[in-house]
A.B. asks: 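Can you read through this structure? Questions will come right after.
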Amino acid sequence: MIDQSPGVKMTEASVGQGVPVSQLPSGLGRRWIRRRRVEKIPDQPIVHLLRDSDSGALVDQLSDHLGTVVPHVRLDVGGTPAETPRQKSVQIRELLDKAAQGLRDADSWPRIGRLRFRRYALLSWLLKKNLPPTNLAQAPHSHTRQLLREYLRSRRPRRDRQQPQQEAALWESAAQSLPWYLFALSLTFFPLYYAWWVRQGRVARWFMRQRYLSPRESADFPSFAQRLITTPSRWENAEQVRKLLVHAFLTDLAESYTRRLWRWQWVPKDCYPVLLLRNLGDETAGKVLVRLINDVRNETGVPDPLLVIGSGAQPLQDSETPSAPVTLETWPETLQEARRKRSNTAWYVTLRVADEPHSADDEPGVSLGQTSLPLKRSKLLRRIPILLVVLLVLGGGAVYLQQYQQHCGRSWWPWTNTDLWSAGDECVGIADPGYHFSSDIKDENLRNRLINAQQAIEGENDLAEGKNRVDQDQPLPYISIVYFSTLTGKDPDSSTLDGVAAELEGLAKAQEKARMDGGVAIRVVLANGGASMSHAPDVAERIVEYAKGTSPGEPPVVAVVGLGGSWDGTAKAISTLGHSGLAMIGTVTSADVFPKLSRLYHQVGPTNLWESQVVAQHVRNIGVHDVTVYYEEGDLYSKNLAEDIGAQLGDSARLVDPQRSNPSDAVRCSPDSLVFFSGRADQFGKYLNTVQDKCVDPEMRPRLMAGDDTTKFLLDRQLPPGVQLDYIDFTGLRVQEGTDGLVGRGLLAFDAVDLVRQAVRKVTDGQVEVDTTPLNGQAVWYGIARLGENQGGIRANSGPIDFGAPAGQVPVRKAISVMRVVEAGSDGAQPNDRKPVLVMHCGNTPRQTGQCPP
C-alpha cells in the first residue's frame, strides 16, 4: 500500500530491513534492500527524518503504520540534556527504561515472542540503588549478595500487592506440612541456584566479559555489582556507565533475534524492533542517546537489530561532516571505514522529507494503513519440534524395550539394577538384595534349597550390618565378599546347581561363625557368571566397577570367592580381577594354569596335578596296567586333568576324545583294564551306557573311575546293578565335627570365606582402631601370606591348607579321597545301599588312609 498523504510516500515491505520507508526524497533503491537480506542481522542505520513543519507527525505516522506487527516504541527526546554527569546518566537510563518496557510489552508474540532484557533489567535495577560505598569492616559484599538474591526473587511475577504476604503465608504453611527432606530441599535449592547464577549464569558472565567500567578489576560478579550500586556516575567514568547501559540494551535485543536451532521459527527481518524518537535535535537528550548508540556500535563491533528513526527540524551538528551527503544508497559503502575511524556519525543518516502540501492541492490524502508482513519460518526448523518428539518417543521406547528385554529382576524398572542383565535364558551379573537366582527352575526341592540358601545369606548380611553398627565400643572389621559362580544352568538337573546350593549354604554358615565368634562382620554379594561361566569376563568387569564404586560408609570389597570351576571364562575373569587388585579364592577350581594368571589367586581345593598323582597311585594299588582316559577337548578342566593323569601313568594310559572318535572303540572289556572319566558329571551317564553296551557280560566289564565333578551324579542317581565305581572326592569323610552338617562343596565354600576372615584378622589384630589398615584385596593377600607361615598350615574344615613356599597360591598335598560306591548285585551290596566307602584318604591330614603317593 502507498500513502500519498502530505509530504511522504511509504510502503510496508521494507520496514525492519534497515529502512522504514521506501520512497523518500533522498531515494531508496530495491537493490540495497536485496543486498542486506543475505546477512543474519543487517547493519541498521540511525535515520534522521528532517522536516521544517510538524516533524513529529512523521513518527506518529510510522507508529500507526507499524501497528502491532513490528515491535516499536515512541520516545520524546526533545528535552534539554542534564547538566551533571550523574543526572545525564539518569536521563539516559530513564529513556532506555521506557524503550525496554515498550518493546517488551509489544504485541508481537505470534511472530517473535516476548522480548526479554535480562542484562539491561539487572543493570538498571542495580543503578537505581545509589547506595554509599560499603564499609569494608563488614563481610565483603554481603549486602550486594543479598541484593542479588532479592533481584532473583523479584523476577517471579506477582498478581497483586498482597502477593508477597500471601506467598509468605503459603510458604510457612507448606513448610509445616512438608516432610523434612523436602523442606530441606526447598531451602537448599535457591542458594544452589544463586551460586550457579553468580558464577555460571549467562548474565553474570556477560558483565564480567564486556569492555566498559573495566570489569576485570573486580574479583567476581558480586564485586562488580558492588560498584554498580554505589552511584558509579559519581565515583567512576559517567560516560562509561551510559555506554554500558546502551551496550546491555542492544545485547539483549541481539540475543532475542539470534537464530537458534531449537526455536520453532526464526525471527523474520521484517519484524526487527524500531525505536522512534520524536523531536530529535542538536541540543536535546536524543542527541546524547543517538551518539551513545553510535559509539557503542563502533567500539564493540557487535551487530544488533535495532532500527532507530528520529524526526526533527534540523540535523545534528557534528564536528565531522562528510564531504558528500550520505544517503541510504551510499551509507553501507562508507560504514566500515567510518567505524574504524570511530566516527561519531558512522551510523547517522539524514533524510529530508517534503513539507505537507496545502489542503488546496489536487492530490488527495490517502491513509497509510497498517503493515501486514508475512511470517517467515525456517522450512526445516518449523518441523524440528515434531521430529524431535517423534525421535524421542521412538528412541526412548527402543532403549526401554532393549533394557526391558536385556534386564532381569525388576522388569518394570530396567534401570534400577544395571549390574543385572539377561543373556539368553539366564540372568547374569551382580544381584541386588531381594533378587534370587534360579528361582524359576522346575525342580521344586532344588529351587527351594537355592532360595532358602540365598535368603539365609541376606539375613546374615543384615545381621552383619547390625553387628557393625551396634558394637561401636569394639567395632568389628566390616568387609564385603563377592561369591562369583555359576548360579544358573541350562540343565537344572545337572550337578552344577546342586553343588552351588551346597556352597551357598556354606557361605551362610561361614558368615554366622565370623559374626558370632570370628571377630569379623561379613557381607556376601552374589554374582552369576552363567552356565559354564560363559559370561564370566563381562561379569568380572562389573565386579571391578562395583568394588571401585563402594562408598566410604559401605564395607569394602576385599575378595572374590567361588569362581565356578575350571572354565575358560573363569581364566579370563581371574586375569581381570587380579589386575584390579581383588583377592580371589577358588572352591572347586583346580586347573594348573590358574595360579599363573594372577598372584592374588588362591584356592582351597586340590589341584589337578595332585589329583592325578592320587589317581595314578590308586591305579597302581589295584594293579591295573591298561587305562583309558576320556576327556573333552574344549573343556579346560577335563583336558588338563586328562593330560596330568597321562603324564603320571605314562604308556599305561590312552587319552580319548569322544568328539573325535567313537567312545566304544576305545573300551577294552576286561577286569584288568580301567576307564577313567575326566569330564563333567552331566555327561557321565552317556559314557556309562557306552561301557555297558560294549561290555554286556558283567564279568568282563572294566573298572570304572571318575574325577571330582561326578559327586552329585553318584549320590542322586541309581547306578546299574553290579556296577562298581571309584571317584575322587575333595572332602573325603564328607561330614566332620564342627561343620554343622555341611557336605561336599559346602565345606570348600565355608573354608574359602573363613580363609578371608582369618586373613583380615591377621592384618587387623593388635590395632587400636579398625580403620588403621585399609582393608582391600592386597591386605587379604598379605594376610594369607602371613597365615602361610603357621606351623602345620591353615586350619580348614576340609583339611589343613598348606600353601607351601612363602606367598604360595595352591594347597600342597591338600586332603583328597578316593571313594567307592557299589550298587546292588556287586560284592554283596544291598539294594538302595549307595553310601560311599572310603578307599584312600591322602594328603596333608592326620587321618591318612591307604597307600598314598610319596
Side-chain angles (χ1 to χ4, degrees), residues 46 77 79-97 99-100 117-136 140-141 143-144 147-148 203-254 282-302 304 306 308 316 318-320 338-348:
I46 301 174
V77 296
T80 304
E83 297 180 357
T84 65
R86 177 186 174 187
Q87 293 174 348
K88 187 178 295 185
S89 297
V90 172
Q91 190 178 43
I92 294 300
R93 176 171 54 78
E94 291 176 349
L95 289 175
L96 291 176
D97 284 350
F117 294 88
R118 295 185 175 92
R119 298 164 183 82
Y120 179 79
L122 175 58
L123 177 60
S124 178
W125 188 84
L126 292 172
L127 292 176
K128 291 178 183 178
K129 298 301 176 181
N130 290 329
L131 300 177
T134 305
N135 185 3
L136 296 181
H141 310 306
H143 183 60
T144 304
L147 286 176
L148 291 176
V203 174
R205 286 188 285 116
W206 180 85
F207 274 104
M208 297 306 295
R209 294 175 181 176
Q210 55 83 30
R211 57 178 296 162
Y212 297 111
L213 290 180
S214 302
R216 295 293 183 178
E217 294 181 0
S218 302
D220 53 11
F221 177 64
S223 302
F224 183 67
Q226 176 70 28
R227 296 165 54 191
L228 297 177
I229 66 176
T230 55
T231 319
S233 295
R234 175 183 298 175
W235 306 103
E236 301 194 36
N237 190 298
E239 183 71 10
Q240 291 278 305
V241 175
R242 293 189 286 272
K243 289 183 178 181
L244 179 57
L245 281 167
V246 174
H247 186 29
F249 181 83
L250 297 179
T251 302
D252 285 330
L253 285 176
D282 192 50
E283 297 295 333
T284 62
K287 178 180 179 179
V288 179
L289 178 60
V290 167
R291 289 295 177 261
L292 287 172
I293 296 175
N294 182 90
D295 293 343
V296 168
R297 287 177 172 177
N298 287 342
E299 294 169 4
T300 62
V302 179
D304 64 84
L306 182 64
V308 182
L316 303 181
D318 304 296
S319 58
E320 300 179 11
R339 290 178 63 178
R340 294 189 183 98
K341 293 181 178 180
R342 297 295 189 265
S343 171
N344 58 0
T345 60
W347 301 82
Y348 182 65

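Reckoned from all heavy atoms, side chains included, excluding hydrogens, waters and symmetry mates.
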A.B. asks: Side chains of Ile46 and Arg297: closer than 4.5 Å at any heavy-atom pair?
C.D. replies: yes
A.B. asks: Within this structure, what is the CZ-CG distance for the pair Phe249 and Leu289, rounded to the nearest 0.5 Å?
C.D. replies: 8.5 Å
A.B. asks: Short question: side chain of Thr230, backbone of Arg227 - any donor-acceptor pair under 3.5 Å?
C.D. replies: yes
A.B. asks: Give, for atom CG of Asn344 and atom CG of Leu292, the distance between the pair rounded to the nearest 0.5 Å.
C.D. replies: 11.5 Å
A.B. asks: Sub-3.5 Å donor-acceptor pair from the side chain of Gln91 to the main-chain atoms of Thr80, do we have one?
C.D. replies: yes
A.B. asks: Quickly, which of Val77, Ile293, Ile92 forms a side-chain contact (heavy atoms from CB on, under 4.5 Å) with Val288? Name it, please.
C.D. replies: Ile92
A.B. asks: When rounded to the nearest 0.5 angstrom, what is the spacing between CG in Asn237 and CG in Leu213?
C.D. replies: 7.5 Å
A.B. asks: Knowing that exactly one of Leu306, Leu96, Asn294 qualifies, which makes a side-chain contact (heavy atoms from CB on, under 4.5 Å) with Val246?
C.D. replies: Leu96
A.B. asks: Residues two or more places apart in sequence or in another chain: which of them pass salt bridge (Lys or Arg N to Asp or Glu O under 4.0 Å) with Glu94?
C.D. replies: none
A.B. asks: Among pairs that include at least one residue of residues 237-249, which meet salt bridge (Lys or Arg N to Asp or Glu O under 4.0 Å), considering only residues two or more places apart or in two chains?
C.D. replies: Glu239-Arg242, Lys243-Glu299
A.B. asks: Less than 4.5 Å apart, side chain to side chain, heavy atoms only: is that true for Asp97 and Tyr120?
C.D. replies: yes
A.B. asks: Looking at every non-hydrogen atom in both residues, tell me the closest pair between Arg339 and Ala346 and how far apart they are.
C.D. replies: N-CB, 4.1 Å
A.B. asks: Taking the side chain from Ser214 and the backbone from Arg216, do they hold a donor-acceptor pair closer than 3.5 Å?
C.D. replies: no
A.B. asks: How are the rings of Phe224 and Phe207 set to each other: parallel, tilted or perpendicular (split at 30° and 60°)?
C.D. replies: tilted
A.B. asks: With sequence neighbours excluded, what pairs up with Tyr212 under the ring pair (Phe, Tyr, Trp, His ring centres under 6.0 Å) test?
C.D. replies: His247
A.B. asks: If you measure from the Lys or Arg side-chain nitrogens to the Asp or Glu carboxylate oxygens, is any gap between Asp252 and Arg118 under 4.0 Å?
C.D. replies: no
A.B. asks: Distance to the ring centre below 6.0 angstrom and angle to the axis at most 45 degrees; does that hold for Lys129 and Trp125?
C.D. replies: yes
A.B. asks: So, the side chain of Thr84 versus the backbone of Gln87: is there a donor-acceptor pair under 3.5 Å, distance only?
C.D. replies: yes
A.B. asks: Grab the two heavy atoms, one from Leu245 and one from Ser89, that are nearest each other, plus how far apart they are.
C.D. replies: CD1-O, 4.2 Å
A.B. asks: With distance as the sole test, does Asp282 use its side chain to make a donor-acceptor pair with the main-chain N or O of Lys287 at under 3.5 Å?
C.D. replies: no
